[in-house]
Protein chains: 2
Amino acid sequence: MMAPRRCEPGVCGKCAQPCTLGTLSRDLELDLRQLPELRERRLARGDYLFHTSGNFESLYAVRSGSMKVTMLTEDGREQITGFFLQGDLVGLDSVGLRQHVSSAAALEDTVVCELPFALLERHGQSVPRIQAALFRMLSGQIRRELSTLLLLGSLRAEERLAQFLIDLAERGVGPAECGTAIWMPMTREEIGSYLGLKLETVSRTLSKLHREGIIEVVKRGVRIRQERQLRLLAGMNPVPAARPRALAH
Amino acid sequence: MMAPRRCEPGVCGKCAQPCTLGTLSRDLELDLRQLPELRERRLARGDYLFHTSGNFESLYAVRSGSMKVTMLTEDGREQITGFFLQGDLVGLDSVGLRQHVSSAAALEDTVVCELPFALLERHGQSVPRIQAALFRMLSGQIRRELSTLLLLGSLRAEERLAQFLIDLAERGVGPAECGTAIWMPMTREEIGSYLGLKLETVSRTLSKLHREGIIEVVKRGVRIRQERQLRLLAGMNPVPAARPRALAH
DNA sequence: CGTACAATTGAAACCAGTCAACCATTGTGG
DNA sequence: CCACAATGGTTGACTGGTTTCAATTGTACG
């Protein structure tokens, strides 16, 4: 029922079969083929890829499955700062530091490719195109966070959810339109943590959107019924933007 | 009355007198001395350094004064995504793109040093230390935004203001303590835009903190009276963190 | 089968937003 | 020089969206 995710070709090091490396596969494809050091890691739901304060050594490209990245506030509460789906790059927030500032856990069975940052840095030094690609990835992360920042700063619950759903949809296959199915691998509480809402509010708001016929919700599956209405709620132009991948990660 | 700002030595290109370049002066000091291309720009309050959709070409280091960076939501509202004080680097959010995704305006009379990004990129290519410094700056921006994200996602008005004030204080001279004076070059509305609050709420909350004797507010000047209480409100440990510069920008 | 977890829904409390009035400061033009 | 408008700030009363607390149902997994 739920949509399969985009799968761009590209072979990364030791992975036998073709795998998706998202931005990386676009930006570094040719050069990545030549990197022999890429390791693969398999995670079950709940497994941590790294923890806050652990040594930072690698970025991770999500091959399949999905992850959440969390941070702790100084007084001990946990908040999700991003969801990472197939093709996304995890770990950019700790570049330049010895230790991770966040933790990453799998939301479901997940496979990632490990990209040692020292290696990327070294290659960036000799290949301008790779250095530029690394800059692009870092600044891309900045912009995704800025989108979330705008969302948290000025939108109401309904609008946040609408934007969240459209973002999830557009990170799947093709543009979000009527009938598009969205798979949400995270709990209501996790959605709330990311959107700055309580789980009850998430549940209530999803129910409301369902009741109004804008979406159809069945557990963690959502189907868009009135794309136009949903975009309107999200404060977006009715016409899909030129470059989708706007929010989250 | 208000505290002077930290002033690290370092000479940047054409600027005759020593100037503060913040992170840059720490990371690139030696190499920057050799760059002849650095231009200086002077802005009056309200002047824009760049606009959304304008060509992205340079980063800007704030020598004196302060700036605000704003973004537009798709439905046209404006939100401030960061304040930049002396020594901060403006423009990182558009690295890797042709056009700026944000606008930057001076909050008061301000002087900035222009750092053409192509130049930095070129130098990063030949000098590993500079490439690493650029990575650090980009990832530093990511982490500052993540702090703001946590703030917007889980704190109440009072807590947001407390954290905002401590951040402003610590970006001044030395640690925030009782008696520390803070200068806020922005309006209540601008503070609210950044913190996800309405200007009335900002005003009311500042008044409340004043009434409780935690701070003293006189127009745009604030003096910390009960540091411990303020940190408590901000959800911070009473003891100042090892590395201050946590939030905002 | 029962425990644990996820999700839904209702009712009441509360925090922040909205609307509005008022004051202080600044700058402009008659 | 004064009048007046524009801007920034403060405060009050009211409204409303979200949170909080609580009860209930459904679902997965041992």
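A, B, ... follow the sequence lines: proteins, then strands. Residue 1 opens every chain.
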Rounded interatomic separation in angstrom, taking CZ from A:Arg156 and C1' from C:dG17:
11 Å
Rounded to the nearest Å, what distance is computed from the CD atom of residue A:Glu189 to the C1' atom of nucleotide C:dA4?
14 Å
Indicate yes or no: does B:Glu227 engage B:Arg231 in a salt bridge with an N to O separation below 4.0 Å.
yes
Within residues 202-211 of chain B, the residues having a heavy atom closer than 4.0 Å to DNA chain D are B:Ser203, B:Arg204, B:Ser207
Exactly one of B:Thr81, B:Thr70, B:Asp93 should register a side-chain hydrogen bond (donor to acceptor under 3.5 Å, both in side chains) with B:Ser102. Which one does?
B:Asp93
Testing the basics here: between A:Gly179 and A:Arg223, what is the closest heavy-atom pair and its distance to 0.1 Å?
O-NH1, 2.6 Å
Applying a 4.0 Å non-hydrogen cut-off, can you work out what A:Leu197 is touching in the nucleic acid: base, sugar-phosphate, or nothing?
sugar-phosphate
Between A:Glu114 and A:Arg39, is there a salt bridge with N-O shorter than 4.0 Å?
yes
Which residue, A:Lys219 or A:Glu158, contacts DNA chain D at a nucleotide closer to its 5' end, judged by nearest heavy atom?
A:Glu158
Would you give the length of the straight line joining atom CZ of B:Arg77 to atom OG of B:Ser193, rounded to the nearest 0.5 angstrom?
10.5 Å
Report the distance from atom CG of A:Leu161 to atom CG of A:Leu233, rounding to the nearest 0.5 Å.
10.0 Å
Reckon B:Lys198 has a side-chain N or O less than 4.0 Å from the OP1 or OP2 of C:dT18?
yes
Spacing between B:Leu161 atom CG and C:dC15 atom C1', to the nearest angstrom
14 Å
Is the phosphate of C:dG17 approached by B:Thr201 (side-chain N or O, under 4.0 Å from OP1 or OP2)?
yes
d(CG, B:Leu107; P, D:dG8) in whole Å:
12 Å
Whole Å only: how far is the CG atom of A:Leu199 from the C1' atom of C:dG10?
15 Å
What does B:Gly192 touch in the nucleic acid at a heavy-atom separation under 4.0 angstrom: a base, only the sugar-phosphate, or nothing?
nothing
Starting at atom CE of B:Met184, determine the distance to atom C1' of D:dG9, rounded to an integer number of angstrom.
11 Å
Between atom CD in B:Glu159 and atom C1' in C:dC14, what is the gap in whole Å?
14 Å
Would you mind telling me which of A:Val202, A:Thr201, A:Leu195 makes a side chain to side chain contact (heavy atoms under 4.5 Å, CB included) with A:Lys198?
A:Thr201
Here the distance between atom C1' of D:dT18 and atom CD1 of A:Ile191, to the nearest Å, is 17 Å
Side chain of B:Glu200: nearest nucleotide among C:dA6, D:dT20, C:dA20?
C:dA20
